[in-house]
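FYI, side chains are in, hydrogens and waters are out, and symmetry mates aren't considered; it's all heavy atoms of this structure. To find a chain, count down the sequence lines: A is the first, B the second, and so on, and within it residues start at 1.
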Amino acid sequence: MELSKNYTPAAIEDKWYQLWLKKGYFNSTPDERTPFTVVIPPPNVTGVLHMGHTLNETVQDILVRKARMSGYNACWVPGSDHASIATEAKVVQMLKEKGIDKNSLSREAFLQYAFEWKEKYGGIIYSQIAKLGCSVDWNRVTFTMDDHYYKAVIKVFVEMYNQGLLYRGARMINWDVQAKTALSDEEVEYRDIEGKLYYVKYKIVDSYEITDDSNAINYITVATQRPETIMGDVAVCVNPNDERYTHLHGKKVMVPLINKAVPVITDEYVDPAFGTGALKITPAHDIHDYEIGLKHHLEVIDTLTEDGKISEAGQVFIGLDRFEARKRAVEQLKEEGLLIKEEEYTTRLGFSQRTNVVVEPRISTQWFVRMKELAGPALEAVTSGNIAIHPGDKFLATYKYWLENVKDWCISRQLWWGQQIPAWYDENGRIIVAENEAAARELYSGKYGVSNAQLRQDADVLDTWFSSWLWPIEVFYGITNPGNKDVEYYYPTNVLVTGQDIIFFWVARMIMAGMQFKQEKPFSDVYFTGMVRDKLGRKMSKSLGNSPDLLVLIDKYGADAVRFGIMISSPAGNDLLFDEAALEQGRNFNNKLWNAMKLVKMWEEKQAGSKKEQTLSNGEEGSGESAFAVQWFENRLSEVRGEVEDLMKGFKLSEALKTIYSLIWDDFCSWYLEWVKPGFEQPVNAAIYQKTIAFFDDLLQLLHPFMPFITEEIYHLLKERTDDLCVKQFAPLQPANTIILAEGALLKAAITTLRDARNKNGLKPKDAIQLYIQSENSNQFKASEHILVKQVNAEGIAYTEEPVPNTIVVTLEKDKFFIAAENKVDVEALRNELLKDMEYQKRFVESVMKKLTNEKFLQNAKPEVVALERKKKMDAEARIKTIEESLINL
RNA sequence: GGGAGCAUAGCUCAGCUGGUUUAGAGCAUCUGCCUUACAAGCAGAGGGUCCGCGGUUCGAACCCGUGUGCUCCCA
């Protein structure tokens with residue numbers, strides 16, 4: 001078969017994914033094996049995979065594939081959530097384009113459009129997950145608006161209501177004026193904004209006759225950021241201890257623009273140092289004002305409509321948008337001479353995470369979850385170590401802080417797309433909560449003795465997170481069909497992988513739900529990935545245009561390279577600065593693997609001797625050095641497999657990948673393959689060939705969870721197979737022989753030292769040399785001397801007791817190498833090199849001697865540490881001696 | 001304003017219980033190579049006040065204090 005010069009991923013990736021699917025490798029059903037369960041953090045249906053998802057899904061796939069190849073029954077459940085606000089906005093937009101107004105539709109008709117929209121666009125995210133190579137069980141796709149899932153949410157709501165964990169009430173909540181719905185505290189993002197502080201005069205009522213406007217006695221100055229809310233003012237508040245305003249206690253002032261008299265009140269809350277020390281109180285539009293209002297029994301005047309315009313209650317500027325009204329208010333205040341000054345001011349404003357508009361504090365009647373009761377067990381689950389957070393040191397504190405200070409969760413949303421709240425109200429506003437209308441009626445008549453009452457269901461739906469917090473349970477039907485085989489087998493799941501930004505939204509609430517509805521944790525480990533930023537460290541966002549398109553990247557580099565690139569630059573839990581250069585590195589790695597395969601394939605036809613009979617120790621020409629190479633690599637492989645195992649157990653996936661990368665590129669390609677590579681047109685030892693294929697297999701298997709496509713492809717190209725790498729089980733770990741590893745390290749060091757000497761002395765790669773080794777222990781070189789000869793292009797090798805004159809001399813530990821070549825020896829350069837090394841060694845001995853001559857060190861340090869220092873000293877002194885001898889013989 | 005974290009090579013980061021650390025890796029850089037697996041490559045090299053200051057210790061990149069700078073979370 002003709003093999004292309006470089007690896008071409010596109011067709012290969014598609015081929016293998018289809019084959020894996022066809023063979024059902026990703027599907028899981030309960031059996032006698034231990035399960036390894038992961039539920040995907042459901043991306044929302046409106047979205048496409050961004051780089052953050054890509055990182056997340058890749059991490060999950062690595063863990064799942066590794067488990068699948070390690071004897072576990074791996075089950076990775078895919079799905080998406082219905083994203084009520086985002087989806088509803090998209091559907092409304094789509095209807096608008098068709099010329100349909102949402103308000104003209106019935107709820108049922110709207111939902112039908114919404115489901116149609118979901119069917120059409122909701123699948124994009126799944127095709128991207130597949131493109132990336134994710135080994136999810138497609139038979140288990142779950143959507144948070146599936147019938148059973150809908151029922152589960154309703155069931156949980158009713159249950160919680162009956163347990164007193166839910167309540168309905170008027171509170172100040174975060175209001176999204178674009179989506180026209182309430183938001184939870186977590187859905188609000190705070191950002192610093194350059195704003196203005198306006199200093200406005202409030203005239204004092206019944207004061208002295210106003211004769212002179214500059215006379216401060218006639219008015220009080222209030223500083224405000226929001227002059228458009230002046231119409232909702234019900235008081236002006238000062239600190240009771242602020243002497244500047246003592247004379248105003250009990251007085252009244254005129255609210256500008258609407259000329260309404262309101263009292264001056266006092267409260268410790270007011271900071272005399274901020275602004276003018278006088279605060280206007282607008283209970284309807286500020287949370288602190290609201291609380292002060294409650295305390296002082298003040299009226300609440302809501303001057304804004306649900307879409308952020310001035311309402312009738314505002315009296316002026318009616319119908320104007322809040323920001324337009326601000327401009328107009330400022331203009332009018334100026335005209336009336338009531339605006340003293342404007343001041344630049346940096347403030348923090350809340351923005352809706354979904355629509356990005358400034359969130360409006362608003363008093364409204366909503367449903368809330370009492371969080372205190374749920375927080376206890378969720379906190380305990382983590383602090384007791386029952387659930388481990390990785391990296392723990394970083395997020396444990398955040399998690400604890402949130403749970404210890406948790407506020408009630410506003411779960412009602414003024415939307416249609418979502419689970420409609422199962423609460424019914426009669427004409428008197430009495431509440432009945434039940435799973436459906438029939439049950440509600442029955443309950444109602446039982447409770448109040450009235451049948452056929454007018455009952456009206458709550459029009460609102462529940463927060464999307466109120467459904468996704470059930471995810472690890474209900475994807476296995478654990479709420480709607482408790483005790484079923486799947487949920488008993490797969491729950492609790494093993495690990496949840498997600499971004500640190502949704503620790504409260506989701507992780508904490510899922511743990512609450514697990515403890516509350518299943519009396520058991522939802523997962524054993526939580527792995528938080530960092531945020532993906534661009535290479536300048538900026539968050540990726542649509543507005544900056546710095547977020548690359550995943551499919552374009554896969555097209556350009558291949559899915560394996562994308563997975564490699566994102567993992568190699570992703571230290572556990574740290575933010576990762578995404579740079580396409582990392583994908584290039586991945587592509588180059590693909591190519592390296594591809595070419596290594598091509599090299600080995602070339603040997604297939606050119607094997608010396610019969611494949612079966614030949615062994616490594618039969619004295620065949622060239623077998624000696626190769627036997628060493630095989631032995632060494634076998635042990636090196638065992639060693640690295642152990643390291644990778646440990647790294648993966650500690651969720652250090654990036655380091656694990658780096659380790660495998662280096663094992664393949666450096667140890668296998670640069671060292672091992674070069675060591676066993678036959679000369680031009682020469683046959684390869686058949687036993688070595690077989691061993692090399694076996695090593696290659698092991699390397700591919702080790703890499704497979706990270707780069708599934710190319711590894712599967714090469715696995716099948718290396719040899720005729722009946723099995724697939726995807727489900728090949730790892731062999732047990734073998735201990736590595738440290739003596740052989742040390743011999744290999746020495747050989748590598750010798751080769752590098754000699755190559756460096758060649759380089760520095762201007763010897764071309766083609767110039768052959770004669771090599772002499774002076775060593776007290778020359779045996780250590782003999783096992784691998786044929787490799788050494790080949791790797792440094794020596795014509796021959798000899799052992800000597802005496803220095804060899806007119807040669808280039810270099811030292812390695814206590815050993816000396818003499819290189820005889822055609823070139824003239826640059827004595828001066830050699831001398832400098834040796835002197836530099838000696839200088840280093842002498843200073844090293846000095847630093848060691850400092851310790852060894854220190855009585856306190858000898859007394860306090862552990863004996864093995866002292867012994868170690870003695871050895872360091874002896875080694876360095878021996879080396880100095882070697883260098884001195886070399887210098888003399890120059 | 002409250003809390004958490006970080007600061008090590010040009011860049012991104014390792015460095016576990018203080019002692020083979022006069023500090024490692026990848027990328028980038030430099031030098032030499034078109035050596036028939038791979039120039040998307042090969043061989044080699046250079047590069048550091050471990051943020052500043054003070055302390056504990058026989059011994060500090062590591063522990064403690066303090067200052068500075070950056071990042072994140074919360075109000």
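A/Y190 does not carry A/R348 over the face of its six-membered ring by the limits of under 6.0 Å from the centre and within 45° of the normal.
Between the side chain of A/K851 and the base of B/C58, no donor-acceptor pair under 3.5 Å is found.
If you check every strand for non-hydrogen atoms under 4.0 Å, A/N854 touches sugar and phosphate atoms only. Residue contacts shown for A/R587 include a base, since a base heavy atom lies under 4.0 Å away. Using a 4.0 Å heavy-atom cutoff across all strands shown, A/Q859 reaches no nucleic acid atom at all. Nucleic acid contact class of A/A581 (heavy atoms, under 4.0 Å, all strands): none. Note on A/W665: only backbone sugar-phosphate atoms sit closer than 4.0 angstrom, heavy atoms only; bases stay farther off. Base contact: A/K677 has a heavy atom under 4.0 Å from a base atom. If you check every strand for non-hydrogen atoms under 4.0 Å, A/Y661 touches sugar and phosphate atoms only.
Scanning both residues, A/A821 and A/L763, for their nearest heavy atoms gives CB-CD2, 3.7 Å.
The distance between atom CG of A/L852 and atom P of B/U20, rounded to the nearest whole Å, is 12 Å. Rounded to a whole Å, the CG atom of A/D767 is 13 Å from the C1' atom of B/U35.
Considering A/V644, A/D560, A/I664, A/L663 in turn, A/I664 is the only one that fulfils the side-chain contact (heavy atoms from CB on, under 4.5 Å) rule with A/L703.
In this model, the phosphate group of B/A37 is not approached by any side-chain N or O of A/Y672 to a distance below 4.0 Å at OP1 or OP2.
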